[in-house]
Amino acid sequence: MSERASRAWLTSYRAALVIPVTAAPIPDGAVLVEGDKIVWVGPRAQQPAAPNARIVELGDSVLAPGLVNAHTHLDLTVMRGLLDGLSFFEWIRAVVAARGVLSADEWLDSARLGVIEALEAGITCVGDTAPTSASFDAMLELGLRGIAYQEVFGPDPAQSKGALADLSGRVATLRSRESSRVHIGVSPHAPYSVSDELYVNAVAWARQQNLPLATHVAESADESDLIARGAGPFADMLRGRGIKVEPRGRSPIGLLDRLGVLGQDALLIHCVRCDDDDIVAIRAKLAPVVTCPFSNRYFGHGDAPWERLLKGLGAIAVGTDSMASNTGLDLLAEVRLALGHPADSTGVSVWMFGTLGGANALRLSDEVGSLTPGKQADLCAFPIPAGSRDTAHLRVGPKASLTVVSGVERVREGRVLGDAEGIRKRVTAASARLRQWRTGATAG
Ligand SMILES: [Zn+2]
């Protein structure tokens with residue numbers, strides 16, 4: 001499929017309900033797209049004359065900005081269902097060990113499948129973290145937008161220099177291949193896998209390079225135990241590797257605050273374990289937060305304190321996390337869970353958090369996140385279930401009927417364009433090999 005063939009120069013998308021997010025929902029609306037940009041949004045009866053426009057009639061559907069999934073690990077899609085039932089500590093060790101089981105090509109296929117499933121779910125933009133270029137390559141290749149944060153690890157302060165050298169090398173190579181759609185960022189992984197020294201050095205380097213940051217933080221009780229008391233399974237593991245462990249902060253957020261990590265450019269992933277002091281610190285630095293409701297429940301971590309986080313926070317988003325701790329990419333269901341729906345007690349639209357909230361958190365809201373003339377033509381459409389037109393109670397998803405990124409249709413009539421079946425087949429085979437490896441690992 002050539003980009004040219006699928007790109008409509010002037011297209012009028014029409015639907016029973018258009019949700020611009022930054023303006024009131026529009027019954028019988030239209031969105032006029034020219035090339036890669038939105039040029040007009042309004043009631044279809046008022047659309048300016050566009051005699052050459054191709055008309056895409058979506059009928060009884062909701063047409064909205066493309067969904068923004070602010071935290072993914074697309075390359076781990078092959079691990080769906082593989083590690084169910086493990087504790088968080090055991091799970092993360094298994095994810096690290098699995099890295100050595102598949103080839104680089106297989107991880108790339110896994111990331112490709114992640115992109116395909118995202119597009120099928122109406123997601124047009126992600127904040128992805130990965131230790132390799134797999135997600136970045138798949139996003140470039142298959143037309144997803146977003147930031148591919150390159151992960152860096154190193155719990156031993158002695159690793160800091162080497163880890164940073166490796167990171168800067170990787171980032172330099174990938175940056176030369178960035179596009180207007182896919183950008184590179186930097187992600188020091190988490191407080192239990194990154195030393196204070198590496199946090200300070202990686203963050204200073206990223207800021208000097210003007211690269212966006214993301215880090216997992218305040219996710220589990222084990223992480224809090226390590227940081228506040230120097231105790232628990234992470235502490236035992238690090239001591240077992242000869243690494244000195246001491247209490248490092250009042251809390252994981254307190255630690256990042258002390259190290260100077262918090263900032264508008266540093267996305268905080270999870271924030272389940274945040275007390276009032278943590279929230280004050282996050283707010284003071286206007287740090288964006290992404291929570292992953294289903295993933296947090298998968299591990300039994302609990303729920304992020306949304307109501308408290310919401311008060312005064314600049315940017316709060318939702319993410320699905322990886323398929324190693326989730327079953328699907330239903331972003332609007334994640335928002336409903338975060339908000340404690342069906343009753344939207346905050347009065348704020350589910351759509352807002354699923355679109356503009358994510359765009360704000362990734363600092364991409366100048367380009368995407370709402371149906372606004374001048375922004376990128378990133379759109380999604382979902383069929384409206386019978387008898388549910390009322391926007392306050394509208395529940396759609398998880399399968400999009402249309403997904404458009406930068407004016408290019410990637411999903412049409414519910415089908416993703418391209419060789420999805422070939423990729424699915426190869427990932428199924430890789431997944432079977434991972435299962436065999438797990439069986440061997442648990443038996444041994
Ligand atoms: Zn994650």
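Indexing begins at 1, ligand by ligand and atom by atom, following the structure's order. Given the structure is predicted, the values throughout are model-derived calculations rather than measurements.
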Worksheet entry | Test log, rule salt bridge (Lys or Arg N to Asp or Glu O under 4.0 Å), inputs Arg80 and Glu117 | CA-CA 12 Å; Arg80 181 185 277 119; Glu117 291 186 0; 2.6 Å; yes

Worksheet item: Is any side-chain heavy atom of Pro305 closer than 4.5 Å to a side-chain heavy atom of Cys274?
Response: yes

Worksheet item: Going by atom types alone, do Asn326 and Thr320 pair a side-chain donor with an acceptor below 3.5 Å?
Response: no

Could you pull out every donor-acceptor pair under 3.5 Å between side chains of residues 91-100 and any protein atom, sequence neighbours left out?
| from | atom 1 | to | atom 2 | distance (Å) |
| --- | --- | --- | --- | --- |
| Trp91 | NE1 | Ala324 | O | 2.9 |
| Arg99 | NH1 | Asp75 | OD2 | 2.8 |
| Arg99 | NH2 | Asp75 | OD2 | 3.0 |

Under 3.5 Å, which donor-acceptor pairs link side chains of residues 246-254 to any protein atom two or more places apart or in another chain?
| from | atom 1 | to | atom 2 | distance (Å) |
| --- | --- | --- | --- | --- |
| Arg248 | NE | Asp196 | OD1 | 2.8 |
| Arg248 | NH1 | Pro191 | O | 2.9 |
| Arg248 | NH2 | Pro191 | O | 3.4 |
| Arg248 | NH2 | Val194 | O | 3.0 |
| Arg248 | NH2 | Asp196 | OD1 | 2.8 |
| Arg250 | NH1 | Asp275 | OD2 | 3.3 |
| Arg250 | NH2 | Asp278 | OD1 | 2.6 |
| Ser251 | OG | Gly254 | N | 2.9 |
| Ser251 | OG | Asp278 | OD1 | 2.7 |

Which donor-acceptor pairs under 3.5 Å do side chains of residues 236-245 form with protein atoms, sequence neighbours excluded?
| from | atom 1 | to | atom 2 | distance (Å) |
| --- | --- | --- | --- | --- |
| Arg239 | NH1 | Gly230 | O | 3.3 |
| Arg239 | NH2 | Gly230 | O | 2.9 |
| Arg239 | NH2 | Val245 | O | 3.2 |

Response to the item:
Within a strict 2.8 Å cut-off of the Zn ion (ligand 1), protein N/O/S atoms tallied 4

